[in-house]
2 protein chains.
Amino acid sequence: MQEFCILNKPDARFYMSQELDRIDAALLNAVQRNNRLTSDELAELVNLSPTACHRRLKRLRAEGVIEADVSIVSPKAVGRQVTVIVLVSLERERADIIDRFKTAIRNTREVMIGYYVTGDADFILVVTAKDMEGYEEFTRRFFYENHDIKGFKTMVVMDRVKASFVLPIDV
Amino acid sequence: MQEFCILNKPDARFYMSQELDRIDAALLNAVQRNNRLTSDELAELVNLSPTACHRRLKRLRAEGVIEADVSIVSPKAVGRQVTVIVLVSLERERADIIDRFKTAIRNTREVMIGYYVTGDADFILVVTAKDMEGYEEFTRRFFYENHDIKGFKTMVVMDRVKASFVLPIDV
DNA sequence: GTTCAGGATGCAAAATTCTTGCATAGGGGC
DNA sequence: GCCCCTATGCAAGAATTTTGCATCCTGAAC
């Protein structure tokens, strides 16, 4: 475990210093699937009092282990019929260009997910649109008018087989 | 609008038949960012009573517009230091092979997101692992031992620039 | 235009859940 | 062994959710 800390970036150590025990793990596992469970329900799950559960979750939120609490909205239900994956390549891998594109990702509502990656592309985006026309309009605005971008490839999502942020939590 | 419904799958019509108004949209926009807001807070946001807000959210959950309520856990905080994007190509695009792989995606904890797509690959996966060794072990188990898979490409995520399921909701 | 039915709303009360204060127990360090 | 710190449970108070009821508004039918 100590060796593990040495091999990783210093900021990773921040997280590992807050030890999660089995009860934290069970709570996280529960709320990452359903965060509307009451403290009573969680208490039964982990064999603590409701108060202790509440306090642990409070701590986990304060420490940033729980980053957010959100409702997941159905894209189709709000008219976003089209989800696409876009592989983006930049003209040059310069820090200012990369940072500029990161900012563009964060400021663009249609981009739901954006990862900066190694490999075949520089960035991977998950973009939603009303329809393919909407997506085309988006590409014009977001890609063609941005001279930092060398190219991009689109893959249309036909089935959201599994769409969640649920992580395996082992302690 | 009627033409739009004809051009889409029948099940899409289910959603469009439940009209969202501006207040629904504002509520959805608020809870998709923070679903721990109280009815009082939401009421101020949309100028209804707390009870009306509560009832609308109850309706939106019952109708499946809100698909889930979850806590987002920090991958690094729970020891998942590595996130990778994997493009997967299958040997053949036969329905039984595709369905088999979809099931595998759903049954595999390391796979956080899995989309069935057109284009350069058949599936795109977002996979988390403890470290690169963990990912390698996963590839052996999940890809090399699966004869349905022709190949896969890995891209390592260096920065989660934007990781959410927040959608633009326009009414 | 009128009427009626259904749905949405707000208010108030009841029920439930969350939050806080206090006492206690357990574990670790010296 | 002692002391300190942290986590826990219980009980009470505060906050929030849920429910029942009355009212209003809108749309459809005549």
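Numbered from 1 within each chain, the chains take letters A, B, ... in sequence-line order. Since the structure is predicted, the reported quantities are computational estimates derived from the model, not experimental observations.
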Atom [atom1] of [X] and atom [atom2] of [N]: how far apart are they, to the nearest Å?
X     : N      : atom1 : atom2 : value
B:E41 : D:dT16 : CD    : P     : 7 Å
A:E44 : C:dT17 : CD    : P     : 11 Å
B:R55 : D:dG20 : CZ    : P     : 10 Å
B:N35 : D:dT17 : CG    : P     : 11 Å
B:L57 : D:dT16 : CG    : P     : 15 Å

Side-chain N,O (A:K58) to OP1/OP2 (C:dT20) below 4.0 Å:
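The answer is yes; a side-chain N or O of A:K58 sits under 4.0 Å from OP1 or OP2.
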Around atom CZ of A:R22, are there more than 12 heavy atoms of other residues, nucleotides or ligands at under 6.0 Å?
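No - once you tally the heavy atoms of other residues, nucleotides and ligands closer than 6.0 Å, there are 12 at most.
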Inspect the contact between A:E63 and A:R59 and indicate whether a charged nitrogen and a carboxylate oxygen are less than 4.0 angstrom apart.
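Yes, charged N to carboxylate O under 4.0 Å.
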Within the side chain of A:T38, is there an N or O that forms a donor-acceptor pair under 3.5 Å with the backbone of A:E41?
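Flag set: sc A:T38 to bb A:E41 pair under 3.5 Å.
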Within the distance-only criterion (no hydrogens, no angle test), does the side chain of A:D69 pair as donor or acceptor with the backbone N or O of B:N34 below 3.5 angstrom?
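Looks like no, no N/O pair under 3.5 Å.
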If each of A:P50 and B:P50 is mapped to the nucleotide of DNA chain D with the nearest heavy atom, which maps nearer the 5' terminus, i.e. the 5' end?
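Its nucleotide being nearer the 5' end, the pick is A:P50.
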Is the base of D:dG9 touched by the side chain of A:R56 through a donor-acceptor pair closer than 3.5 angstrom?
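In this structure, the two groups form no donor-acceptor pair.
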